[in-house]
Protein chains: 2
Amino acid sequence: MTRTTNATSGKTSEARTRLLNTATRIFYTEGIHSVGIDRVIAEAQVTRATLYRHFSGKEDLVLAYLDQADRMMRGQLADAQAGTGSAVDAVRAVAKAITDGIRSQGFRGCAFLNAVAEYPDPTHPVHQAVLRHREWFLDTVTDLLARIGDTPADADARHLVMLRDGAMAAGCLFDPALIADTFLRGVEGIVQSRMQARTPVD
Amino acid sequence: MTRTTNATSGKTSEARTRLLNTATRIFYTEGIHSVGIDRVIAEAQVTRATLYRHFSGKEDLVLAYLDQADRMMRGQLADAQAGTGSAVDAVRAVAKAITDGIRSQGFRGCAFLNAVAEYPDPTHPVHQAVLRHREWFLDTVTDLLARIGDTPADADARHLVMLRDGAMAAGCLFDPALIADTFLRGVEGIVQSRMQARTPVD
DNA sequence: TCAACGAGACAGAACGTTCTCCCTCGCATG
DNA sequence: CATGCGAGGGAGAACGTTCTGTCTCGTTGA
């Protein structure tokens, strides 16, 4: 997580920004292992030395890529929830944000699921970054669902995350509109079942 | 899809079998792009020449790996359905086969979802092999669910496949027992809703 | 006799990484 | 104001390693 800043101003380097944005675009679109450093520095229009001035290596660049994606997603979820009155609306807004992503052009699945497929080793920093992100997401969804009804939200949250994972995985392998529709129906089912606020089954 | 057979007997070469089994194990466990053919030929205890005698290249080996996985999965599903009386039992048997896989040691997610994460190009043979496999699976699930109730099965089948994709993706990133439990609950919900056999909502 | 396989050298390319050299700003100090 | 210094960046050579793929030659066994 190298974060170089201009010595004088507090702004981050332009070259670093270009580098990270280019890496994000290429890694997300084409994968990580199949993309060499040469591709990134060429399309970012920087030199090799510049890359290694800002990042300790390719792995560091990958971690920065995932870190940026993580921040963006947290921001997206915060924005989606903002302005919603009820918890139900908040869940629906989050679900809509997800389907908007799936329907958007250039959608290539979940950056974290894609990354972890290339880093199966649980001890690898990239793998662990994915696990941290997923832990945050599950916790966030659990808190959100807990505000609907009075039953424990853990199982429903896992259910929703499972649907999301499936939707994100299949969104670029099948008709995105159908995937989005299926996901939204599933989420609505979870919401409806929680709104009845029955006592726990177990 | 090179398929070399011994000229005299109709049996496939032992070296080829060793090669393919080794490739299956390593590709599934560690990914594809991060594994060189040196690893495969070393652990399969064959020479480089033998590999290129049976496969035209690494890509061909990857395709054979996925082809074998596809055949195994079709066999698993057929076995799971065999001996089940009702369609409901068949669906439950398929679901159990899936959760058995998730709970099994060495589970690393869906071989096809993992592979497609490394081959995002839709025109690539590996990517297309994944799409063919997924098409078959969705069709199979659709036929299976159509035998329960009298409502159109397409939406429910997409729902079940989405749950499966999520379960397979998260099965090696979270507690497999909880993932399996969540998946089975979701499948049971689909089955129950179909058993009520109400008329189509649309 | 002939196909399958082992052993290993080899080529050519791509990989990530480090290196030197030079230029150009911005700014702090004399 | 002038000077100089250091950081950021460009250009590119070079490192050693690894990769896929091809090659020759010897051996085995049906």
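Just the heavy atoms: all of them, side chains too, but no hydrogens, waters or symmetry mates, feed the values below. Since the structure is predicted, the reported quantities are computational estimates derived from the model, not experimental observations. Just so it is clear: chains get the letters A, B, ... in the order the sequence lines come, proteins before strands, and each one is counted from 1.
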Residues in contact with DNA chain D, drawn from residues 18-36 of chain B - heavy-atom cutoff 4.0 Å: B:Val35, B:Gly36

Side-chain N,O (A:Thr50) to OP1/OP2 (D:dG10) below 4.0 Å: yes

Side-chain N or O of B:Ser13 closer than 4.0 Å to phosphate OP1/OP2 of C:dA4: no

Touch class at under 4.0 angstrom, heavy-atom based, for A:Asp38 against every strand present: sugar-phosphate

Closest to side chain of B:Ala15, choosing from C:dC5, C:dT17, D:dT22: C:dC5

Between P of C:dC15 and CD1 of A:Ile41, the distance in whole Å: 10 Å

Interatomic distance, A:Arg39 CZ vs C:dA14 C1' [rounded to whole Å]: 13 Å

Proximal nucleotide (of C:dG6, D:dG21, C:dG16) relative to the B:Tyr52 side chain: D:dG21

Nucleotide C:dA14, atom P - distance to CD1 of A:Ile37 in whole Å: 15 Å

Whether B:Phe112 and B:His133 hold their rings parallel, tilted or perpendicular, with breakpoints at 30° and 60°: parallel

C:dC5 OP1/OP2 closer than 4.0 Å to side-chain N/O of B:His54: yes

For the student: nearest non-hydrogen atoms of B:Glu118 and A:Ala117, plus distance: OE2-O, 4.3 Å

Sugar-phosphate, base or nothing in reach of A:Glu59, heavy atoms under 4.0 Å: nothing

d(CD, B:Glu14; P, C:dG6) in whole Å: 10 Å

Nucleotide D:dT22, atom C1' - distance to CZ of B:Arg53 in whole Å: 12 Å

Check: A:Arg39 and A:Glu43 side chains under 4.5 Å, non-hydrogen atoms: yes

hbond_proxy B:Arg48 side chain to D:dG21 base (donor-acceptor, 3.5 Å cutoff): yes

Between D:dG21 (P) and B:Leu61 (CG): distance, integer Å: 10 Å

Between B:Tyr119 and B:His127, ring centroids under 6.0 Å: no

Of the listed nucleotides C:dC5, D:dG21, D:dA11, the one nearest the side chain of A:Thr47: D:dA11

Atom-to-atom span, NZ of B:Lys58 to C1' of D:dT18 - whole angstrom: 11 Å

Whole angstrom value for the distance that separates C1' of C:dC15 from CG of A:Leu51: 14 Å

B:Ile37 vs B:Tyr52 side-chain heavy atoms within contact, under 4.5 Å: yes

Stacked cation flag A:Arg164 on A:Phe137, 6.0 angstrom / 45 deg: yes

Distance-only donor-acceptor check, side chains A:Gln68 and A:Thr24, under 3.5 Å: yes

Options D:dG10, C:dG8, C:dA4, nucleotide nearest the side-chain atoms of B:Ala49: C:dG8

Report all side-chain donor-acceptor pairs from residues 83-97 of chain A shorter than 3.5 Å, counting only partners two or more places apart or in another chain.
| residue | atom | partner | partner atom | Å |
| --- | --- | --- | --- | --- |
| A:Thr84 | OG1 | A:Gln81 | O | 2.4 |
| A:Ser86 | OG | A:Asp89 | N | 3.1 |
| A:Ser86 | OG | A:Asp89 | OD2 | 3.4 |
| A:Arg92 | NE | A:Glu188 | OE1 | 3.1 |
| A:Arg92 | NE | A:Glu188 | OE2 | 3.4 |
| A:Arg92 | NH2 | A:Glu188 | OE2 | 2.6 |
| A:Lys96 | NZ | A:Asp100 | OD1 | 3.1 |
| A:Lys96 | NZ | A:Asp100 | OD2 | 2.9 |

